[in-house]
Amino acid sequence: MGVNLTPLVKPKKIGLQGVRGRVLAVDALNSVYQFLALVRDERGMLFTNSRGEVTSHLIGLLSRYSRLAYEYDASFIFVFDGSPHPLKARELEKRKKQREKAKQEYAELLSKGDLRKAFSKAVVSAEVDDRIVESTKRLVRLMGFPVVDAVHDAEAQAAYLVKRGEAWAVSSMDWDSLLYGSPRLVRYLTLTGFEWLPSKQKARKLIPELVTLEELLSGHGITLRQLVDIAILVGTDYNEGVKGVGPLRALKMIKRYGSLENLPVSVRRHLPENYEAVRQIFLNPPLNEKYSLSFSPPDKEGLMKFLVDENDFSPKRVEVYLRRLEAAYERRKGGLTRFLA
DNA sequence: CGGTACAA
DNA sequence: TTGTACCGG
């Protein structure tokens, strides 16, 4: 679930116009999780092709990113998680247990006929397997967007792409890219602007928000290293936080004492022994430096074969997505030519 | 989630 | 213009 920085951040609402013409480094599987959670029928069942393979993520990716490209002239680099960092194993185990519990509860609620509650469990049980990752990569490439593989966490690689100027901001629901030093983070990059709150059985209206690392740090008078120390106190994917310490207390302590090393021993003794290793994951993560970023026109034949022949999409719908992607590509290409001339 | 159609 | 209902694979 990443790090909870919510109480420390004052995002600026930028709306969809705020990403016009921008290149976003998308945490691809973060986006896929949202689609798997929400692109479902009224019983909470995922969409599938005739072989029973999940297609909900393909529906979501096509409609969202083709329209953002077409209507807002945005473009995307899709960044994928690599092998999980060894220190993340405990967190992954925890999530797996949560999913399994939710799956069971889903089946029970469904057999009792409680469709609304069943749906909320289906959302928690969303799971990304290898086939979903591979089909996502295949679709993104056919759409003409570059795919970048991270060594471990996609958020680290996406942050690096923004630091290098290859993308304007990271697009993700999670905060972690800021800890990896991304200068900008865009949250809630959706078209309809709704977030489903399973606990409340309600949807809340949201518009895209921008968080600037510089403003976050200067606003609190801290350094990136200190922000990472705050995260370690609160808890990250790589360590349990100190009990009773939330984001606000952590900020106060790090501002007062400067760093984890200087905390009073009463707090410091609750830190994990390997906190320096966790700090280095964020400050100095292994990166893929040999990525290639080629933006191509959409592959019409490839998309038809993949979506219509293999995944039972209606050809009429696929043509709509294709037209958007073609128009968006031509417009960006034209803009670039003008810029170079 | 996102698209569409139709109501008030 | 906003709400609501239904569909997509």
Would you mind telling me which of A:Arg90, A:Arg95, A:His85, A:Lys94 makes a side-chain hydrogen bond (donor to acceptor under 3.5 Å, both in side chains) with A:Asp237? A:Arg95
Scan the side chains in residues 96-107 of chain A for donor-acceptor partners under 3.5 Å anywhere in the protein, sequence neighbours excluded, and list what turns up.
{"unit_1": "A:Lys103", "atom_1": "NZ", "unit_2": "A:Glu127", "atom_2": "OE1", "d": "2.8"}
{"unit_1": "A:Glu105", "atom_1": "OE1", "unit_2": "A:Lys121", "atom_2": "NZ", "d": "3.1"}
{"unit_1": "A:Tyr106", "atom_1": "OH", "unit_2": "A:Arg43", "atom_2": "O", "d": "3.3"}

Donor-acceptor side-chain pairing of A:Gln157 and A:Tyr291 below 3.5 angstrom: no
To the nearest angstrom, the CZ-P distance between A:Arg43 and C:dC7 comes to 15 Å
Report yes or no: does A:Arg184 contribute a side-chain atom to a donor-acceptor pair with the main-chain N or O of A:Val162 at less than 3.5 Å? no
Looking across every strand, which nucleic acid part, if any, lies under 4.0 Å from A:Thr55 by heavy atom: base, sugar-phosphate, or nothing? sugar-phosphate
Calculate the interatomic distance between A:Phe35 atom CZ and C:dG8 atom P; express it in whole Å. 19 Å
Starting at atom CE of A:Met173, determine the distance to atom C1' of B:dC1, rounded to an integer number of angstrom. 12 Å
With sugar-phosphate meaning primed atoms plus P, OP1 and OP2, does A:Leu46 contact a base, only sugar-phosphate, or nothing at under 4.0 Å between heavy atoms? base
Rounding to a whole Å, what distance do you find between A:Leu189:CG and B:dC1:P? 12 Å
A:Asp229 versus A:Ser259, side-chain donor and acceptor atoms under 3.5 Å: no
Going by number, which of residues 63-77 of chain A have a non-hydrogen atom under 4.0 Å from DNA chain C? none
Nearest-Å distance, CG (A:Leu58) to C1' (B:dG3)? 17 Å
Side-chain donor-acceptor pairs of residues 138-156 of chain A under 3.5 Å, sequence neighbours excluded:
{"unit_1": "A:Arg138", "atom_1": "NH1", "unit_2": "A:Glu310", "atom_2": "OE1", "d": "3.0"}
{"unit_1": "A:Arg138", "atom_1": "NH2", "unit_2": "A:Glu310", "atom_2": "OE2", "d": "3.0"}
{"unit_1": "A:Asp149", "atom_1": "OD1", "unit_2": "A:Lys137", "atom_2": "NZ", "d": "2.8"}
{"unit_1": "A:His152", "atom_1": "ND1", "unit_2": "A:Ser83", "atom_2": "O", "d": "2.8"}
{"unit_1": "A:Asp153", "atom_1": "OD1", "unit_2": "A:Glu155", "atom_2": "N", "d": "3.2"}
{"unit_1": "A:Asp153", "atom_1": "OD2", "unit_2": "A:Tyr180", "atom_2": "OH", "d": "3.0"}
{"unit_1": "A:Asp153", "atom_1": "OD2", "unit_2": "A:Tyr238", "atom_2": "OH", "d": "3.4"}
{"unit_1": "A:Glu155", "atom_1": "OE1", "unit_2": "A:Ser177", "atom_2": "N", "d": "2.9"}
{"unit_1": "A:Glu155", "atom_1": "OE2", "unit_2": "A:Ser172", "atom_2": "OG", "d": "2.7"}

Say whether, by atom type as modelled, one donor and one acceptor occur between the side chain of A:Asn311 and the main chain of A:Phe306 under 3.5 angstrom. yes
Could you tell me how far apart A:Leu16 (CG) and B:dG2 (C1') are, to the nearest whole angstrom? 12 Å
Strictly below 4.0 Å, heavy-atom distances to any atom of DNA chain C: list the hits from residues 310-323 of chain A, or just say none. A:Asn311, A:Asp312, A:Phe313, A:Ser314, A:Arg317
Under a 4.0 Å threshold between the charged nitrogen and the carboxylate oxygen, would A:Glu330 count as salt-bridged to A:Lys333? yes
Starting at atom CD of A:Glu42, determine the distance to atom P of C:dC6, rounded to an integer number of angstrom. 9 Å
Which atom pairs, one a donor and one an acceptor, fall under 3.5 Å between side chains of residues 206-222 of chain A and the rest of the protein, sequence neighbours left out?
{"unit_1": "A:Ser218", "atom_1": "OG", "unit_2": "A:Glu214", "atom_2": "O", "d": "2.9"}
{"unit_1": "A:His220", "atom_1": "NE2", "unit_2": "A:Leu8", "atom_2": "O", "d": "2.7"}

In residues 19-29 of chain A, which ones come under 4.0 Å of DNA chain B, going by heavy atoms? none
Sub-4.5 Å side-chain heavy-atom contact between A:Leu16 and A:Leu68: yes
Under a 3.5 Å threshold, yes or no: a donor from one side chain and an acceptor from the other, between A:Arg279 and A:Tyr275? no
Measure from NE2 on A:His57 to C1' on B:dC1 and round the result to the nearest Å. 14 Å
Need one value for A:Arg324: base, sugar-phosphate or nothing, where a base atom within 4.0 Å counts as base even if backbone is also close, heavy atoms only. sugar-phosphate
